[in-house]
Amino acid sequence: MIIKKRYLIFVLGLCFLSLPSLSFADVNVGVLAPRGKLNALKQWKDFAQYLQEQLQQTVNIIPLPPPDVLPAVKSKEIDFLLTNPVHTVNAVESHGASLLASLNKLSGPEFAGVIVSKKGSGIKTARDLLNKNVMSLKFKAAAGAYTFQTYHLYQRDIDPHKDFASMREGKKQDDLVLAVKAGVIDAAFVRTGILETMEKEGKIKIDEFEIVDQHGPDDIKQLHSTEHYPEWYLSALKDTDAKLAKKLGAAALALPAEHTAARSAKIKGFVKPVKMDGMVTALRTLHIAPFNKTGGEACR
């Protein structure tokens with residue numbers, strides 16, 4: 001009888017060990033990498049360590065170039081997503097993701113788009129862009145490096161895909177700025193903060209450039225051309241365990257601004273999700289997925 005009991009305990013123990021346990025599973029956080037994978041890993045590795053300590057689970061940062069974000073969501077290779085509002089709206093509307101927090105950068109929980117041209121080019125306003133050669137990040141997927149500027153121009157009755165001499169895609173925002181500097185293109189779409197960061201890194205001098213339709217002083221101190229929109233969102237994918245999502249979201253919101261993870265990421269931390277109404281309006285107006293009738297990526 002004792003032998004049978006011991007055997008039963010042994011078998012049950014093996015069954016328990018063979019079951020997949022969320023408590024010991026790796027947590028994969030997909031992070032948008034607009035300036036390249038290495039930059040993203042360097043920026044967010046301490047945040048992963050912070051989350052790992054809070055969750056008592058291994059946390060992996062999965063850097064995602066803009067074109068790879070939504071495929072990663074669809075393939076379920078990540079549990080959480082930290083990315084721009086365009087991707088986030090798609091993840092929420094089409095894939096059932098849930099918002100956990102908004103990124104609170106040093107410049108605040110909102111950002112904008114910049115249209116940059118070369119100093120002396122004569123390109124200072126939206127109308128000056130007509131029949132010019134312009135570059136952005138991937139059409140319909142980049143927020144601060146395509147969508148914000150396209151909506152800004154739409155409101156001024158300008159369609160980049162019809163009214164420019166050419167509208168091309170680039171892979172990295174730094175490269176777009178350098179292409180403008182070199183005279184390879186006339187103007188580029190980038191997000192707020194890129195110019196200031198590149199100047200600090202010694203890659204450019206801001207006074208070499210013109211900011212098209214430059215905004216006057218407002219809540220965003222960085223140079224910008226467009227209206228403000230919500231910063232990146234941290235969201236949980238549909239199949240992510242609800243308890244894990246709640247715990248990770250709480251950990252993100254509790255991240256102190258003085259913590260190494262926040263300083264390395266150059267952020268103040270996170271705040272409760274900012275309303276995305278303005279972002280949704282822009283996407284609906286431009287017929288950008290998930291608000292396009294055909295399921296493709298038509299502009300307007």
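All of these numbers come straight from a predicted model, not from anything done at the bench.
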Inset, instruction - Could you tell me whether K119 and D207 have a side-chain N and a carboxylate O separated by less than 4.0 Å? - result: no
Legend entry - Donor-acceptor contact present, side-chain S117 to main-chain D186, <3.5 Å: no
Inset, instruction - Check K268 against L106 and note the closest heavy-atom contact, atom names and distance. - result: CE-O, 3.3 Å
Legend entry - Contact summary for K132 and F164, nearest pair of heavy atoms: O-CB, 3.3 Å
Legend entry - S264 side chain vs A261 backbone, donor-acceptor pair below 3.5 Å: no
Inset, instruction - Begin from the C-alpha positions of D213 and S225 and carry the test side chain to side chain donor-acceptor pair (under 3.5 Å) through to its verdict. - result: CA-CA 5 Å; D213 286 352; S225 305; over 6 Å; no
Legend entry - Test log, rule side-chain contact (heavy atoms from CB on, under 4.5 Å), inputs K124 and V212: CA-CA 5 Å; K124 297 182 179 181; V212 178; over 6 Å; no
Inset, instruction - Find the distance between OH (Y151) and CZ (R284) and round it off to the nearest 0.5 Å. - result: 12.0 Å
Legend entry - H228 and H224 aromatic ring geometry - parallel, tilted or perpendicular at 30°/60° bounds: perpendicular
Legend entry - Rounded distance [0.5 Å steps], CD in Q52 versus CG in D26: 8.5 Å
Legend entry - Side-chain heavy atoms of M279 within contact of L283, under 4.5 Å: yes
Legend entry - Shortest non-hydrogen contact between V59 and A48, atoms and distance: CB-O, 3.7 Å
Legend entry - Within one Ile-Leu-Val-Met-Phe-Trp-Tyr cluster: L32 and L237, side-chain cutoff 4.5 Å: yes
Legend entry - Side-chain heavy atoms of E110 within contact of D219, under 4.5 Å: no
Legend entry - Pairwise side-chain contact, F47 with L255, heavy-atom cut-off 4.5 Å (strictly under): yes
Legend entry - Side chain Q149, main chain V114, donor-acceptor under 3.5 Å: yes
Inset, instruction - Return the minimal non-hydrogen interatomic distance between A142 and L137, and the atom names on each side. - result: CB-CB, 3.6 Å
Legend entry - Residue from H215, Q222, K221 passing side chain to side chain contact (heavy atoms under 4.5 Å, CB included) with T192: Q222
Legend entry - M276 side chain reached by T88 side chain, heavy atoms, under 4.5 Å: yes
Inset, instruction - First locate atom CG of L178, then atom CD1 of I185, and finally report the distance between them rounded to the nearest 0.5 Å. - result: 10.0 Å
Legend entry - Side-chain heavy atoms of K45 within contact of I61, under 4.5 Å: no
Inset, instruction - May I ask you to check whether over 12 heavy atoms, not counting those of K246, lie within 6.0 Å of atom NZ? - result: no
Inset, instruction - Report yes if some heavy atom in the side chain of W44 is under 4.5 Å from a heavy atom in the side chain of I267; otherwise report no. - result: yes
Inset, instruction - Kindly determine whether F209 and I204 satisfy side-chain contact (heavy atoms from CB on, under 4.5 Å), including the steps that lead there. - result: CA-CA 9 Å; F209 300 91; I204 63 166; 3.8 Å; yes
Legend entry - salt bridge (Lys or Arg N to Asp or Glu O under 4.0 Å) against E258, all qualifying residues, sequence neighbours excluded: none
Legend entry - Heavy-atom side-chain proximity of T147 to Y229 below 4.5 angstrom: no
Legend entry - I220-L195 co-clustered via ILVMFWY side chain contacts under 4.5 Å: no
Inset, instruction - Kindly compute the distance separating NZ (K76) from CG (N28), expressed to the nearest 0.5 Å. - result: 14.5 Å
Legend entry - Flag, side chain of E199 to backbone of E196, donor-acceptor distance under 3.5 Å: no
Legend entry - Residue pair E169 / M135: nearest heavy atoms and the distance that separates them: O-CE, 3.3 Å
Inset, instruction - Give a yes or no on this: more than 12 heavy atoms of other residues, nucleotides or ligands lie within 6.0 Å of atom CD of E227. - result: no
Legend entry - For P63 against A33, the heavy-atom pair lying closest together: CB-CB, 4.2 Å
Inset, instruction - Report yes or no: do N90 and H95 form a side-chain donor-acceptor pair below 3.5 Å? - result: no
Legend entry - L129 side chain reached by I158 side chain, heavy atoms, under 4.5 Å: no
Inset, instruction - Working to the nearest 0.5 Å, report the span between CD of Q173 and CE of M198. - result: 10.0 Å
Legend entry - Flag, side chain of Q43 to backbone of K266, donor-acceptor distance under 3.5 Å: no
Inset, instruction - Could you give me the CA-CA distance, side-chain angles and deciding distance for H152 and I115, then say whether side-chain contact (heavy atoms from CB on, under 4.5 Å) is met? - result: CA-CA 10 Å; H152 174 83; I115 305 175; 4.2 Å; yes
Legend entry - Residues forming a ring pair (Phe, Tyr, Trp, His ring centres under 6.0 Å) with F111, sequence neighbours excluded: F148
Inset, instruction - Give the intermediate values and the outcome of side-chain contact (heavy atoms from CB on, under 4.5 Å) for residues F291 and V89. - result: CA-CA 10 Å; F291 304 114; V89 171; 3.7 Å; yes
Inset, instruction - Check the angle between the aromatic planes of Y50 and H259 and answer parallel, tilted or perpendicular using the 30° and 60° thresholds. - result: perpendicular
Inset, instruction - Determine, stepwise, if the pair R191 / E231 fulfils salt bridge (Lys or Arg N to Asp or Glu O under 4.0 Å). - result: CA-CA 11 Å; R191 65 155 286 154; E231 260 293 355; 2.7 Å; yes
Legend entry - Residues which pass side-chain contact (heavy atoms from CB on, under 4.5 Å) with L253, listed by chain and number, not counting sequence neighbours: A101, F270
Inset, instruction - Could you grab the distance from atom OG1 of T83 to atom CG of L70, nearest 0.5 Å is fine? - result: 8.0 Å
Inset, instruction - Could you tell me whether a side-chain N or O of D163 sits under 3.5 Å from a main-chain N or O of D159, the two making a donor and an acceptor? - result: yes
Inset, instruction - Would you kindly confirm whether V180 and L153 end up in one hydrophobic cluster when ILVMFWY residues are joined by side chain heavy atoms under 4.5 Å apart? - result: no
Inset, instruction - Indicate whether any N or O donor in one side chain lies under 3.5 Å from an N or O acceptor in the other, for D79 and T240. - result: no
Legend entry - Same apolar cluster: V184 and L176, side chain cutoff 4.5 Å: yes
Inset, instruction - Indicate yes or no: does R35 engage E201 in a salt bridge with an N to O separation below 4.0 Å. - result: yes
Legend entry - Greater than 12 external heavy atoms within 6.0 Å of K42's NZ: no
Inset, instruction - Return yes if some donor-acceptor pair links the side-chain N/O of D128 with the main-chain N/O of T125 below 3.5 Å, else return no. - result: yes
Legend entry - Shared hydrophobic cluster for I206 and V190 (ILVMFWY, side-chain gaps under 4.5 Å): yes
Inset, instruction - Indicate yes or no for a side-chain donor-acceptor contact from S94 to the backbone of A91 under 3.5 Å, with no hydrogens or angles considered. - result: no
Legend entry - Any donor-acceptor N/O pair, T197 side chain to G193 backbone, under 3.5 Å: yes
